[in-house]
Protein chains: 2
Amino acid sequence: MSASTSRRQRLRQATLEEIHAAARKLLVEQGSAAVTINAVARQVGMSGPALYHYYADHDELVGAVTADFFRELAAAMEQARDARAGAPVGERILAVCRAMRAWAIAHPAEFGWIFASPIAAPNRQPDAARHQAALRFEQVLLDLTAELWQTHPFPVPDLAELPASLREQLTTYFAAIDGQLPPQAAHVFLSCWIRLYGLLCMEVLHQLDFAYADLEPVFEECLRDLAVALGIDDDAAA
Amino acid sequence: MSASTSRRQRLRQATLEEIHAAARKLLVEQGSAAVTINAVARQVGMSGPALYHYYADHDELVGAVTADFFRELAAAMEQARDARAGAPVGERILAVCRAMRAWAIAHPAEFGWIFASPIAAPNRQPDAARHQAALRFEQVLLDLTAELWQTHPFPVPDLAELPASLREQLTTYFAAIDGQLPPQAAHVFLSCWIRLYGLLCMEVLHQLDFAYADLEPVFEECLRDLAVALGIDDDAAA
DNA sequence: TAGATTATTTAGAGGCAATAAGGAAGCATA
DNA sequence: TATGCTTCCTTATTGCCTCTAAATAATCTA
């Protein structure tokens with residue numbers, strides 16, 4: 001090879017980016033059903049089957065684009081976090097949550113795609129890239145919560161009072177996150193995650209249109225609840 | 001016509017039911033992508049285009065089947081409610097919530113379909129049947145909450161302290177539900193609804209698999225939170 | 001019984017996923 | 001520098017899909 005990245009590799013990389021951009025454009029402008037192998041290829045200026053040199057099948061293309069979205073979302077959250085590098089951890093947590101919703105609102109098609117695409121494949125394999133990107137996304141708030149836990153521990157339930165099955169699952173999760181949070185604290189974190197992510201999920205999936213046109217105040221109220229649960233509702237914001 | 005329902009109408013009705021059953025079978029056994037006009041027709045024993053005498057297009061078939069699912073889910077909830085006709089309203093509310101999850105767990109494909117199908121059509125029209133059925137579904141818990149509100153009022157926030165935009169939206173919703181609940185109480189109801197439905201949404205969409213394998217204890221904890229919010233956490237269950 | 005309505009069929013246009021086979025261009029090495 | 005390998009892309013081709021059109025059979029109505 002002529003350099004660390006050969007000319008071929010650079011061209012290929014550029015084509016991949018062009019493919020992703022085309023897929024995204026189709027998604028945003030015409031909905032998820034419009035993101036077909038043929039349509040993407042047309043958009044890029046190639047003829048259908050050429051795309052199979054870049055992805056094994058339609059699912060793999062979808063997975064790659066989804067990974068992009070996860071990465072972009074995670075990056076937006078990380079940026080919100082780093083922009084407040086010196087601030088109290090509670091403040092950074094709230095900023096990251098708002099950044100998460102801001103990205104979802106600014107990119108509803110992409111955020112919806114994140115939920116919609118797994119439906120097509122309930123028997124999905126790990127799908128390295130996508131799964132990796134999803135983990136990074138989940139990790140942002142987990143990291144901050146772990147930091148909060150270590151510097152300003154929040155109230156947690158007594159492990160002995162939780163149902164046995166829940167205790168087991170939390171212990172498994174405790175191991176899965178390399179002990180970043182003890183099971184009781186992980187339970188609080190997951191409860192917050194469920195409320196936060198669940199609300200955004202419903203908003204983007206238009207499950208609340210029957211009552212709300214603008215969920216911003218509902219989201220802010222949710223954040224206040226989470227702040228209470230995490231003990232970051234005082235002025236110092238922990 | 002020979003009777004209030006002619007022979008033709010009865011046959012047509014039977015065919016419609018057969019079509020729905022075929023669509024559901026395909027959904028459950030092979031996933032939502034398998035529910036195509038052609039596959040359903042094959043299943044019923046008709047050749048493709050015949051289905052267009054029953055539904056204008058694929059979307060309409062999907063909508064009709066979705067309406068079925070909503071009706072079945074609502075019926076399950078209503079049955080749980082009516083089975084405890086004399087019980088305190090708080091107890092009935094919790095029973096209905098559990099019936100809702102029980103149906104979702106017993107019919108994951110159908111429950112997921114309820115969320116997944118709207119994604120395909122973000123610009124969806126009212127779609128009479130489907131919308132009607134969704135309303136009936138939402139109405140079950142709204143009715144019970146209204147009954148609770150009238151017999152054992154639960155704590156509500158001060159309307160003056162809510163953000164103006166939220167206040168406006170709640171007033172609009174107050175009118176939409178024919179004044180069944182005043183805006184402040186509607187706000188509490190909607191908060192509960194979001195947590196309940198959001199949790200089920202995430203469970204069925206496998207958004208929590210990374211942490212939980214069995215969400216039953218998480219759901220029960222959610223119910224306890226709702227019971228506190230609705231003031232039905234005492235022994236008498238309101 | 002004749003005409004209208006309804007149910008269903010085959011034929012076909014157009015699109016999509018995926019495979020196969022072949023050509024053109026870049027790249028490496030003898 | 002000429003030969004061969006790899007990569008990229010193209011044009012068929014298959015099979016399934018949606019949906020329309022036209023024709024046929026069955027059923028009801030007057």
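Naming convention: chains lettered A, B, ... in sequence-line order (proteins, then strands); numbering from 1 in each chain.
- Contact check on A:Arg101 versus A:Glu216 returns no salt bridge, with no Lys/Arg side-chain nitrogen under 4.0 Å from an Asp/Glu carboxylate oxygen.
- Which of D:dT11, D:dC17, D:dC9 sits closest to the side chain of A:His53 comes down to D:dC9.
- The separation between A:Asp59 atom CG and C:dC16 atom P is 17 Å, rounded to whole Å.
- OP1 or OP2 of D:dC16 has not a single side-chain nitrogen or oxygen of B:Arg42 nearer than 4.0 Å.
- Rounded to a whole Å, the CG atom of A:Asn38 is 13 Å from the C1' atom of D:dC17.
- We find that CD1 of B:Ile37 is positioned 6 Å from P of D:dC19, with the value rounded to whole Å.
- A salt bridge is defined here as a Lys NZ or Arg NE, NH1 or NH2 lying under 4.0 Å from an Asp or Glu carboxylate O, and A:Arg24 with A:Glu17 fails to meet this definition.
- Distances from the side chain of B:Arg12 to the nucleotides D:dT10, D:dC19, C:dA7 place C:dA7 closest.
- Using cut-offs of 30° and 60° on the angle between ring planes, the pair B:His107 and B:Trp103 is tilted.
- OP1 or OP2 of D:dC9 sits under 4.0 Å from a side-chain N or O of A:Tyr54.
- The side chain of B:Met46 lies closest to C:dT8, out of C:dT8, D:dT10, D:dC19.
- Considering only side-chain atoms of B:Ala39, the nucleotide from C:dT8, D:dT11, D:dC17 that sits closest is D:dC17.
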With a 3.5 Å cut-off and sequence neighbours excluded, list the donor-acceptor pairs that the side chains of residues 49-57 of chain B form with protein atoms.
residue, atom, partner, partner atom, Å
B:Tyr55, OH, B:His20, NE2, 2.4
B:Asp57, OD1, B:Asp59, N, 3.4
B:Asp57, OD1, B:Glu60, N, 3.0

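- OP1 and OP2 of C:dA7 both lie 4.0 Å or more from every side-chain N or O belonging to B:Thr15.
- Considering only residues two or more places apart in sequence or on other chains, A:Gln139 meets the side chain to side chain contact (heavy atoms under 4.5 Å, CB included) condition with A:Leu142, A:Asp143, A:Gln180.
- What separates CD of B:Gln13 from P of C:dT6 is a distance of 16 Å, to the nearest Å.
- Taking side-chain N and O atoms only, A:Thr36 has a distance below 4.0 Å to OP1 or OP2 of C:dC16.
- Atom CD of B:Gln9 and atom C1' of C:dA7 are 15 Å apart (whole Å).
- The A:Asp57 side chain lies nearest to C:dA18 when the options are C:dT9, D:dT10, C:dA18.
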